[in-house]
Amino acid sequence: TLTSGLPKMTVTTTSKASLYGGFLVTGQFVQMGGGSPSYILDADGDMVWAYSTSKDVTGAVMDYAGTHMWINAANVPSGTANVHRVTMDGQTDQDLSSQFAGLNHQLTVLPDETVAFYAYNSSTGCDAIKEYSPSGTVKTIVNSGTAQGGASACHVNNVQYSKDDDCLVFSELDNQVVVKVKRSDGSTVWVLNGSKATMTGDTWKGGEHGIHVLGTDHLMIFNNNSRNVAGGVGSAGGDGSGSIATELKLDLTGKKVTKAWTYKDTSLQNDVMGDLQRLPNGNTVIAYSTQGDLREVDSGGNVLQELKWNAGGQFGYIQKRATLYGPPPR
């Protein structure tokens, strides 16, 4: 039974036949009273599942079995992590916060139910990329500063799994880089953007948050395009004229990056968080998280559906699923 006080949104659909459909998994970033829900919306924007925890929700993702929801809070700046593994019937809430000490933003569930995440590391100033195994053990894969060729200050804000080569891809805001590392030994495969980039070609400014791995040579990023570093006063190099969904193709032999597709609306400048996902039918879902706006657009940049949250209805990272059963799509 859905509780009262859940977030409300307005849904505008311009081309229902062209939509991907399915379900949207996310969570309420701004706390409502004592806590916030993670929740699932259907294709019409109706709430079909919700579960509230004691903190805000920036990460909500179902496991590969489709039986549990992993929920975590932002934890920015560094404080106490808040991580829960909840059965989809809502009857069992496993508090795993102590095993995920230092976690912030979001986490990613792997096919064997291992969970990849990142955690503050005060001794180095750069977050550690870690994995939590189903047995309950935690191991460090690599330090994010080491992985990008040496950095003394880092803030990782997204990690995703590259299933084709068993690697992890993470976004790091302070140095505006996206890095791929091998799970087996933590070695760096490539670094995109920034002074330590291992590939030439197209770059970006203004920071990035959400990423979506489409293949070993293909990914998408949510480029915030911010003038200032989120939460700081330093310049991020963007022009603040609207956040940008960007698709990148990588020439792994020639070591070159090419922008294959972009979408930008100058009225939507999203400086904190932001996410995106390419759907199997070619559409793209773009989440302007702290602006309370989510859009599904086609390959031509036409808006097929827009969800707008009421004032204060900021939400976290997203996951669009065709069904609520079976493995997640990303």
Side-chain angles (χ1 to χ4, degrees), residues 58-64 70 72 75 81 83 96 99-121 124 126-151 154-194 196-199 208-222 248 250 252 257 273 275-278 316-319 327-330:
T58 53
V61 59
M62 291 173 65
D63 64 8
Y64 265 75
W70 285 84
N72 71 269
N75 191 27
V83 180
L96 296 172
Q99 287 94 321
F100 287 83
L103 174 145
N104 67 81
H105 279 301
Q106 52 85 233
L107 51 75
T108 292
V109 183
L110 278 57
D112 64 355
E113 302 297 347
T114 295
V115 178
F117 68 103
Y118 38 96
Y120 292 106
N121 188 332
T124 67
C126 282
D127 303 336
I129 309 301
K130 297 187 174 187
E131 288 185 356
Y132 168 88
S133 74
S135 65
T137 61
V138 176
K139 68 176 181 180
T140 297
I141 303 300
V142 68
N143 180 273
S144 60
T146 301
Q148 60 181 282
C154 307
H155 180 69
V156 179
N157 54 27
N158 204 288
V159 64
Q160 297 294 333
Y161 178 56
S162 176
K163 63 182 180 180
D164 294 331
D165 52 6
D166 196 34
C167 291
L168 296 175
V169 181
F170 67 85
S171 164
E172 196 274 289
L173 183 64
D174 286 354
N175 299 283
Q176 302 191 46
V177 298
V178 175
V179 183
K180 173 183 274 193
V181 297
K182 295 181 180 179
R183 290 183 65 216
S184 58
D185 58 10
S187 60
T188 301
V189 178
W190 46 247
V191 179
L192 305 184
N193 219 44
K196 304 289 186 178
T198 60
M199 294 191 185
E208 76 291 324
H209 276 72
I211 53 179
H212 185 192
V213 176
L214 299 172
T216 57
D217 61 351
H218 196 190
L219 74 156
M220 301 189 74
I221 66 167
F222 185 93
L248 301 174
L250 311 181
L252 301 178
V257 182
M273 294 194 297
D275 202 3
L276 77 178
Q277 182 181 342
R278 172 62 49 79
Y317 293 85
I318 63 161
Q319 185 180 89
R330 55 185 300 205

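Sequence positions, counted from 1, serve as the residue numbers for this chain. Everything numeric here is computed off the predicted structure, so don't read it as measured data.
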Below 4.5 Å, heavy atoms only, C-beta onward: do [X] and [Y] meet side chain to side chain?
X: V169; Y: V178; result: yes
X: V181; Y: S187; result: no
X: M220; Y: L214; result: yes
X: F222; Y: Q277; result: no
X: C154; Y: N175; result: yes

Roughly how far, to the nearest 0.5 Å, is [atom2] of [Y] from [atom1] of [X]?
X: E208; Y: I221; atom1: CD; atom2: CD1; result: 6.0 Å
X: T198; Y: L192; atom1: OG1; atom2: CG; result: 6.5 Å
X: M62; Y: Q319; atom1: CE; atom2: CD; result: 8.0 Å
X: S171; Y: N157; atom1: OG; atom2: CG; result: 3.5 Å

Original post:
Which pairs, with at least one residue in residues 131-141 and sequence neighbours excluded, count as a salt bridge (Lys or Arg N to Asp or Glu O under 4.0 Å)?
Top reply: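 For residues 131-141, and leaving out neighbouring residues, the salt bridge (Lys or Arg N to Asp or Glu O under 4.0 Å) pairs sorted by first residue read E131-R183.
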Original post:
Which atoms form the tightest heavy-atom contact between A116 and L168, and what is the distance?
Top reply: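 Residues A116 and L168, closest heavy atoms: CB-CD2, 3.8 Å.
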Original post:
V213 and L219: which non-hydrogen atoms are nearest, and at how many Å?
Top reply: CA-CB, 4.2 Å
Subject >> Step-by-step side-chain contact (heavy atoms from CB on, under 4.5 Å) determination, V109 to W70 >> reply: CA-CA 8 Å; V109 183; W70 285 84; 3.6 Å; yes
Original post:
With sequence neighbours left out, what residues match D165 under side-chain hydrogen bond (donor to acceptor under 3.5 Å, both in side chains)?
Top reply: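 Result, side-chain hydrogen bond (donor to acceptor under 3.5 Å, both in side chains) vs D165: S162, K180.
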Subject >> Trace of the side-chain contact (heavy atoms from CB on, under 4.5 Å) decision for V177 with K196 >> reply: CA-CA 9 Å; V177 298; K196 304 289 186 178; over 6 Å; no
Original post:
Are Y132 and F117 near enough that their ring centres are under 6.0 Å apart?
Top reply: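 Aromatic pair excluded; centres sit 6.0 Å or further apart.
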Original post:
Please walk me through it: do Q160 and N158 pass side chain to side chain donor-acceptor pair (under 3.5 Å)?
Top reply: CA-CA 7 Å; Q160 297 294 333; N158 204 288; 2.9 Å; yes
**OP:** Quick one: do M199 and L252 satisfy side-chain contact (heavy atoms from CB on, under 4.5 Å)? Show the steps, please.
**Re:** CA-CA 9 Å; M199 294 191 185; L252 301 178; 3.7 Å; yes
**OP:** Pick out which of E172, Q106, K130 makes a side chain to side chain donor-acceptor pair (under 3.5 Å) with Y118.
**Re:** Q106
**OP:** Apply side-chain contact (heavy atoms from CB on, under 4.5 Å) to T216 and V189, showing your working.
**Re:** CA-CA 10 Å; T216 57; V189 178; over 6 Å; no
